[in-house]
Every structure is written in structure tokens, then in C-alpha cells.
There are 2 protein chains.
Amino acid sequence: MSKNIPEKITNRLTLYHSITVEYMEAGIETISSPQIAQRLGIDDSQVRKDFKLLNNAGKCRVGYLVKDLKDSIEKTLGFAHAKDAFIVGAGHLGLALAKYDSFNSYGLNILALFDNDPQKVDMQVNNKQIFHISKLPNLTKRLGVDIAILTVPRQNAQQVADFLIQSDIKYIWNFTPAVLKVPPEVKVWNENLMGSFLQFACKDII
Amino acid sequence: MSKNIPEKITNRLTLYHSITVEYMEAGIETISSPQIAQRLGIDDSQVRKDFKLLNNAGKCRVGYLVKDLKDSIEKTLGFAHAKDAFIVGAGHLGLALAKYDSFNSYGLNILALFDNDPQKVDMQVNNKQIFHISKLPNLTKRLGVDIAILTVPRQNAQQVADFLIQSDIKYIWNFTPAVLKVPPEVKVWNENLMGSFLQFACKDII
DNA sequence: AACATATTGTGAAAAATTTCACAACAAAAC
DNA sequence: GTTTTGTTGTGAAATTTTTCACAATATGTT
């Protein structure tokens, strides 16, 4: 990524991207900022401001070319820069993410899964093998992977995170509710599912 | 919820909450704003500003009582107001969410799952039954449920959402990458997993 | 060809959020 | 009992984000 795009804009860009995918499938060639804005419940000038980042000019009274828009978003968000990652924890969530093929088109390659349950080891999910967690340090080094998606139970989260850090993992996408303690060079992204839900729920549902 | 708390603050409050849970388990009774701030990589005055919402005074040179803090966050975020919900789509993600017991303590009760696959129907997950999707309208009305967690494949998302809306579902927590078209009275919360990842990835990697 | 209309692009204003700075204070140390 | 220290609470400043307003413009209509 050349520019450091603020989180909120990144988030909106992915939503715009989903809409372009839908329009492409429907065979619609152009889309306007008010159309997108209405769909997402935001201001249309916001959409245009976001698009300015993409260096993708629209046409007055017509809007934007869906295909160009889609390509620009993909370019700006770096979909093409494939990044390799491991899923650590082969429970339902880990398996769900392993099966989530969208990751690939967004530039995230899941290479393998890890678990400490001998029953799960050596199984295959979506063409990805589940290894015993003890194999992780070796494979991390051999494959040069530095991203881990952490989907273990909360109770084990810190302990497993420590192990990942020892194994030279630098980026942890944390799906557990634990707030991990990590050294400054390791970056954590908390998925915080409940936070998301509460934002949703608190707004309207008493 | 009395006050309409901004999303960002709600999100931080849940992270603070996780830390209080951890401190409680560790038997630590007080916590200070700089401690929390450092852990989350944010400014300590931010933490104190957030806490002002909780009506929970700290003590100079000591910090905040962990237990009081935890209780205030739970009260403010309405953990006690149990909300009932259905999971629609019993794939891996749906099953993962059904097994995610934290939902309960955060005030979200998953009552049942729905799927259109006859093989899955009548199975039990974490004491919750999987019903055929055709049973949803009836159960929605009978149980007064108006929240649905949507975990179907993207291709079916809009169609299933339309069906949910017909069945009087008012709140959709959307885990699919589709941007749903809904009437104004229906609220959608897009989980947007890839958006999250890209925010994470774009920042540092590459 | 003139006019009406829908849309972009953008500067300015407004609102929201974060950071800074520091007074007030309570606990601990001396 | 006085000093030092770490922390809260909070106004003010800075920054970021969103909204507003409108000129410019391209398309369709009469």
C-alpha cells in the first residue's frame, strides 16, 4: 500500500467493492454516487471523496464505470499482493475461515491450519492440511509466513499467541475475545465480534 | 440503552471489558488508565474520557476498581437485556457462532439455527436445534424473535434476506460479503470480515 | 438549439474524535 | 509532616471525518 488509507475509508471501499461485484454480475455498466450512498445509508459526497483516492474519474450525469471502479478499488487495496497466512485453531471458526474462498480473491492465501487435537491433525479442509501446532515454528520459517489468524478458545489465546511470537509471527488477526499482550513489533488486529454486535444492538434494540 | 453511544466507544468499551475479565481472573483488583491505554496502543486520556460515560469514578494514584468497571461496562452496554436471535445458515460459520458461548454473557441468546439442507435439519448444535428454513416465519412470530445472524453463501444472501424481512425480522447481522438491499425499517450490520482484514493488512504489510 | 436535469468534483463549514496539558488529589516515601 | 509520585478529570487545541452547498458539466428533452 502506498498511501496509508484510514480504516474507515478502507472499510467503505470494501463495501463499494461488493456492490461493484454485484453490478458486474447483473451486467450493469455504470453506477452513481447517490446510488451507492443510498444503499449504504451514507452521504453521496462521502462516496465521491472516497473515490478521489482511487484516481478514477466519473462522468457527469452518468456516474462511474463499474469495471474501472472495481479494478481501482482492488488495486488500491492491494488485492493482487497475495499474502500468506496460517489459521491457528481448527475449531468451527477456523474451519469456516479456511473454507471462506473470498479470502483468496482479496489477496489472502491460507496455506495451512494448526491445532493441538491429534484427531484433527492430518485432516484436509478446502485443500489445506491441518498440522499439529508443534510443526508451526518450522513451517513458519520454511514458508516465510508471518501472518496468523487466531481462532483458539479464549483460555488458550495468550499462551498460543506467545508461541506464535516465538515462532516469528508478526501479525495476528485475533478472533478470540482475549486482548493479547504482545511486544511492540508484533501487530494485532482484534476482530472483536461482540463489539460489532453491541454496536449494532445498542443502537436500536433496547 | 439510554444514551446512543458512538460505535467507536462501544468497541473500545468491549475491549476494556475483556481486560477487566482477565484482571478479575488474575485476582487483580485495580487498574489504571495508562495500563489499559498501553495495552491497546491508545491515549490514556481517551480511556478516561470513555470511562466518564460509565459514571464510575476512579481514585487518584490508584486507578479504577476492576469489578466496578466491569459491572458498569456491562450495565452501559446492556449485557443484561437478553436479546433472542436466530442463526440463518448452518455452515461452518453458523456452527462456529452457535458454539460461541460468549454471546450469552454479552446478552445474545441464540435460540435456533436454520438451513435448507435436509441433512442438517434436526441436528443439534450446542443444545440448539437446526430447523428447515421453511419453519422460520412461524417460529419468528411464535417466539417474537426479530434478530437474524446471516451466514449463508453470498449467492443466496439477498434472497434469504428478503425471506427474513417477509418473516418480520428487523435486524440482520450480515456475515456475508453481499451488501443487502433492505427497506428502511430493517437494520443491517455488515460484519465485513475482509474489510477488517484489509484495514489490518494495508496498514503494515507491504 | 435551448433548456432541464442528474451527476461529478470540491472548497468551506460543521461535527466528531483524539491528543495535549495541567490542576487537583491521594497514596507512598522520606 | 513534608515531599514526591502516579493518577484522575477536564478544558482547550488539534486533527479527522462528515456534511453542506454549489459551480461545472454532460446527457437527454423539447
Side-chain angles (χ1 to χ4, degrees), chain A residues 1 3-16 19-20 23 28-70 72-73 76 190 192 195 199 202-203, chain B residues 1 3-16 19-20 23 28-70 72-73 76 190 192 195 199 202-203:
Chain A
M1 239 14 37
K3 315 125 190 173
N4 195 352
I5 301 173
E7 287 173 26
K8 283 201 169 172
I9 299 185
T10 308
N11 198 46
R12 284 196 300 265
L13 287 176
T14 58
L15 294 174
Y16 304 154
I19 296 177
T20 62
Y23 271 59
I28 305 171
E29 294 187 349
T30 62
I31 190 167
S32 70
S33 57
Q35 277 177 300
I36 296 175
Q38 199 209 358
R39 187 75 170 277
L40 296 172
I42 61 178
D43 197 272
D44 57 302
S45 63
Q46 177 92 84
V47 175
R48 292 194 297 277
K49 287 244 159 94
D50 290 341
F51 284 178
K52 218 172 21 167
L53 283 177
L54 305 175
N55 290 336
N56 187 331
K59 283 178 77 178
C60 280
R61 255 206 77 128
V62 173
Y64 301 85
L65 284 175
V66 174
K67 175 148 194 359
D68 290 358
L69 205 50
K70 178 165 171 285
S72 313
I73 296 173
T76 302
N190 291 308
N192 196 13
Q199 284 166 19
C202 286
K203 196 155 295 174
Chain B
M1 239 17 33
K3 315 125 192 173
N4 195 352
I5 301 173
E7 286 173 28
K8 283 201 168 169
I9 299 185
T10 308
N11 198 46
R12 284 197 300 266
L13 287 176
T14 59
L15 293 173
Y16 305 153
I19 296 176
T20 63
Y23 271 59
I28 304 170
E29 293 188 349
T30 61
I31 190 166
S32 71
S33 58
Q35 277 177 298
I36 296 175
Q38 200 208 358
R39 188 75 170 276
L40 296 174
I42 60 178
D43 197 273
D44 56 303
S45 63
Q46 177 92 84
V47 175
R48 294 194 294 281
K49 287 242 158 96
D50 290 341
F51 284 178
K52 220 169 26 163
L53 282 177
L54 306 175
N55 290 335
N56 187 332
K59 283 178 77 178
C60 280
R61 252 207 82 124
V62 174
Y64 301 85
L65 285 174
V66 175
K67 174 147 193 0
D68 290 357
L69 206 50
K70 178 164 171 288
S72 313
I73 295 173
T76 303
N190 290 309
N192 197 11
Q199 285 166 19
C202 286
K203 195 155 297 175

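Reminder, nothing fancy here: chain letters follow the sequence lines and each chain counts from 1. The shown structure was predicted, so the numbers you read here are calculated from the model rather than taken from an experiment.
Closest contact between the side chain of A:K49 and the listed nucleotides D:dT19, D:dT27, D:dT7 involves D:dT19. The B:S45 side chain lies nearest to C:dA21 when the options are C:dA21, D:dA21, D:dT27. For B:C60, whose side chain is taken as the heavy atoms from C-beta onward, the closest listed nucleotide among D:dT7, C:dT17, D:dT18 is D:dT7. Minimum atom distance to the side chain of B:P34 is reached by D:dT7, of the listed C:dT7, D:dT7, D:dG9.
Rounded to an integer number of Å, the gap from A:D43 CG to D:dT16 P is 21 Å. For the pair B:N55 CG and D:dT8 P, the computed distance is 17 Å after rounding to whole Å. Taking atom CG of B:D44 as the reference point, atom P of D:dG9 lies 12 Å away to the nearest angstrom. If you measure from atom CG of A:L69 to atom P of C:dG9, you get 11 Å, rounded to the nearest angstrom. The distance from atom CG of B:L54 to atom P of D:dG9 is 11 Å, rounded to the nearest whole Å. With rounding to whole Å, A:D50 atom CG is found 10 Å from D:dT17 atom P. Nucleotide D:dG6 holds its P atom 18 Å from the CD1 atom of B:I36, rounded to whole Å. Computed from coordinates, the B:R48 CZ to D:dT8 P distance equals 6 Å when rounded to whole Å.
Of the N and O atoms on the side chains of B:E7 and B:T10, not one donor lies less than 3.5 Å from an acceptor on the other residue.
Regarding contacts with the backbone of C:dT8, every side-chain N or O of A:K52 stays at 4.0 angstrom or more from both OP1 and OP2. OP1 and OP2 of C:dC25 both lie 4.0 Å or more from every side-chain N or O belonging to B:R61. Remark: B:S33 is in phosphate contact with D:dT8, judged by side-chain N or O atoms under 4.0 Å from OP1 or OP2. Of the side-chain N and O atoms in A:R12, one or more sit less than 4.0 angstrom from OP1 or OP2 of D:dT18. Remark: B:K59 is not in phosphate contact with D:dG6, judged by side-chain N or O atoms under 4.0 Å from OP1 or OP2.
In this structure, A:F51 reaches neither bases nor backbone, as no heavy-atom distance under 4.0 Å exists between it and the strands shown.
A donor-acceptor contact under 3.5 Å is not formed by the side chain of B:K8 with the base of C:dT18.
Here the closest non-hydrogen pair linking A:R39 and A:I19 is CG-CD1, 3.9 Å. Pairing each heavy atom of B:Q46 with each of B:I42, the nearest pair is CG-CD1, 4.3 Å. Closest heavy-atom contact between A:D44 and A:S33: O-CB, 3.8 Å.
Residue A:Q46 is the one, among A:Q46 and A:V62, whose nearest nucleotide of DNA chain D lies closer to the 5' end (criterion: closest heavy atom).
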Going through the distances and angles, do A:Y16 and A:D50 end up as a side-chain hydrogen bond (donor to acceptor under 3.5 Å, both in side chains)? CA-CA 10 Å; A:Y16 304 154; A:D50 290 341; 2.5 Å; yes
